[in-house]
Amino acid sequence: MLQRERDRRIVRALRAKGTASAAELARHLGVSTATIRRDLQRLDRGGELTRVYGGAVLDDEGSVEMPFAVTDDAEGETKDALAARAVKLVNDGDVLLLDIGTTTLRVARHLRGREVTVITSNIAVFDELRDDPVVELVLLGGVVRRHYRSLVGSLTEEALRQVHADRLFLSCTGIRRDGQVLDNMQVEASAKRAMLAAAESVVLVAHPAKFPGKGSLRICGLADIDVLVTNEDADNETLEICRQAGGEVLTS
């Protein structure tokens, strides 16, 4: 079993029970306890879980960020449909800024072979497009967040002050009915605000579960969004607020 798949299954097991011993996880995954211990140590260093004597625990919901691989698995078909709808806004020659997140990774997949420039701090987007001979790819600097495959921090924000994009594809963790677009990680929220300042137009790509979603940090308001891409299951009241604020709403 590949390491990435073990990581997914370890976190899923902890989400279901809150805690598990190394022996239990080894039996569940069919690997040695020594392998599981190494996995737990690595995941603990990345912040996905907390290593304790004999096993690991997952903190209460919201206090530990889910790793990229697990998040990418969730609602994959819906995310792909949203991404496919979003890239219809792209014109050849556009300079695009792609945010951190799993939905923006799917946007990148739909951009393969397009004559565009992609600027990103999303390492997964970089990996997706790095071998594409047509896409011009710009990777921003920053501190590596390994478990969420992104670059963040002051170097990222400084680099964003040096670029300008025709369009930003933005992600978030929640959209409130009062029109506030939220995130739950300070290091990401700061980078997102810098991306907003660097883009001519902003496209928010949001799964319906983001209405209202979660988050304690304000990124922007719906008045700052030019286009909201979601689907018909999204909260109608919030969509109407976006329209009233001057934004276009597109559904997949």
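Remember, predicted model here, so these are calculated numbers, not experimental data.
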*Is Lys88 close to Leu250 at the side-chain level, that is, under 4.5 Å between some pair of heavy atoms?*
no
*Linking I/L/V/M/F/W/Y whenever any side-chain heavy atoms sit under 4.5 Å apart, do Ile241 and Ile175 land together?*
yes
*Could you tell me whether the side chain of Arg112 reaches within less than 4.5 Å of the side chain of Asp131, counting heavy atoms only?*
yes
_Straight-line distance of Ile219 CD1 to Leu196 CG, nearest 0.5 Å_ = 7.5 Å
*So which heavy atom on Thr104 is nearest to which on Val125, and how close?*
O-CG2, 3.8 Å
*Would a distance-only check, ignoring hydrogens and angles, find a side-chain to backbone donor-acceptor pair under 3.5 Å from Arg9 to Leu25?*
no
*asked:* What I'd like to find out is whether the side chain of Asn122 reaches to under 4.5 Å of the side chain of Tyr148, using heavy atoms alone.
replied: no
_Donor-acceptor check, side chain of Thr173 to backbone of Leu182, threshold 3.5 angstrom: yes or no?_
yes
*Do Leu170 and Leu82 belong together in a cluster built from hydrophobic side chains that touch within less than 4.5 Å?*
no
*Separation between CG of Leu14 and CD of Glu24, rounded to the nearest 0.5 Å*: 10.0 Å
_Can you give me the closest heavy-atom contact between Arg114 and Val135, atom names plus distance?_
O-CG2, 3.4 Å
*Okay, side chain of Thr120, backbone of Leu98: is any donor-acceptor separation there less than 3.5 Å?*
yes
*Indicate yes or no: does Arg42 engage Asp39 in a salt bridge with an N to O separation below 4.0 Å.*
yes
_Where Glu200 and Asp226 come nearest, the two heavy atoms and their spacing_ = O-OD2, 4.3 Å
*asked:* Restricting to non-hydrogen atoms, name the atom on Asn231 and the atom on Ser252 that form the minimum distance, rounded to 0.1 Å.
replied: CB-OG, 3.5 Å
*Evaluate whether atom CD of Glu240 has more than 12 neighbouring non-hydrogen atoms of other residues, nucleotides or ligands under 6.0 angstrom away.*
yes
*Quick one: do Val202 and Asp224 satisfy side chain to side chain contact (heavy atoms under 4.5 Å, CB included)? Show the steps, please.*
CA-CA 7 Å; Val202 181; Asp224 301 305; over 6 Å; no
*Group every Ile, Leu, Val, Met, Phe, Trp and Tyr by side-chain heavy-atom contacts under 4.5 Å, then state whether Val144 and Leu139 land in the same group.*
yes
_Passing candidate, side chain to side chain contact (heavy atoms under 4.5 Å, CB included) with Leu168, options Leu204, Leu97, Leu96_ = Leu97
*Should we count CD of Gln244 as having more than 12 external heavy atoms under 6.0 Å?*
yes
*asked:* I want to check something: taking the side chain as every heavy atom from C-beta on, are Phe211 and Leu239 in contact at a cut-off of under 4.5 Å?
replied: yes
*For the side chain to side chain contact (heavy atoms under 4.5 Å, CB included) test, which of Thr230, Val227, Leu222 pairs with Cys242?*
Leu222
_Test log, rule side chain to side chain donor-acceptor pair (under 3.5 Å), inputs His110 and Asp80_ = CA-CA 9 Å; His110 287 277; Asp80 194 62; 3.1 Å; yes
_Spacing of Glu237 atom CD and Asp178 atom CG [to the nearest 0.5 Å]_ = 10.5 Å
*Would you give the length of the straight line joining atom CZ of Arg27 to atom CG of Leu29, rounded to the nearest 0.5 angstrom?*
12.0 Å
*Taking all non-hydrogen atoms of both residues into account, name the closest pair between Thr156 and Gly141 and its distance.*
OG1-O, 2.7 Å
*Among Lys192, Lys210, Arg218, find the one that has a salt bridge (Lys or Arg N to Asp or Glu O under 4.0 Å) with Asp183.*
Lys192
*asked:* Which heavy atom of Val90 sits nearest to which heavy atom of Arg167, and what is that distance?
replied: CA-NH1, 4.2 Å
_In the structure I gave you, are the side-chain heavy atoms of Ile10 and Ile36 within less than 4.5 Å of one another anywhere?_
yes
_Steps toward side chain to side chain contact (heavy atoms under 4.5 Å, CB included) verdict (Val87, Val107)_ = CA-CA 7 Å; Val87 297; Val107 170; 3.7 Å; yes
_Are Leu228 and Met195 linked, directly or through intermediate hydrophobic residues, by side-chain heavy-atom contacts shorter than 4.5 Å (ILVMFWY only)?_
yes
*Going hydrophobic residue to hydrophobic residue with side-chain gaps under 4.5 angstrom, can you get from Val31 over to Leu40?*
yes
*Any side-chain heavy atom of Thr103 sitting closer than 4.5 Å to one from His207?*
no
_I'd like to know if Asp132 and Arg109 make a salt bridge, using a cut-off of under 4.0 Å between side-chain N and carboxylate O._
no
*side chain to side chain donor-acceptor pair (under 3.5 Å) between Asp99 and Ser171, intermediate numbers included*: CA-CA 6 Å; Asp99 189 13; Ser171 63; 3.0 Å; yes
*Heavy-atom side-chain proximity of Ile100 to Val152 below 4.5 angstrom*: yes
*Roughly how far, to the nearest 0.5 Å, is the CD atom of Glu157 from the OG atom of Ser121?*
10.0 Å
*So, the side chain of Glu5 versus the backbone of Leu2: is there a donor-acceptor pair under 3.5 Å, distance only?*
no
_Spacing of Asp233 atom CG and Thr78 atom OG1 [to the nearest 0.5 Å]_ = 8.0 Å
*Do Ile119 and Val95 come close enough that some side-chain heavy atom pair is under 4.5 Å?*
yes
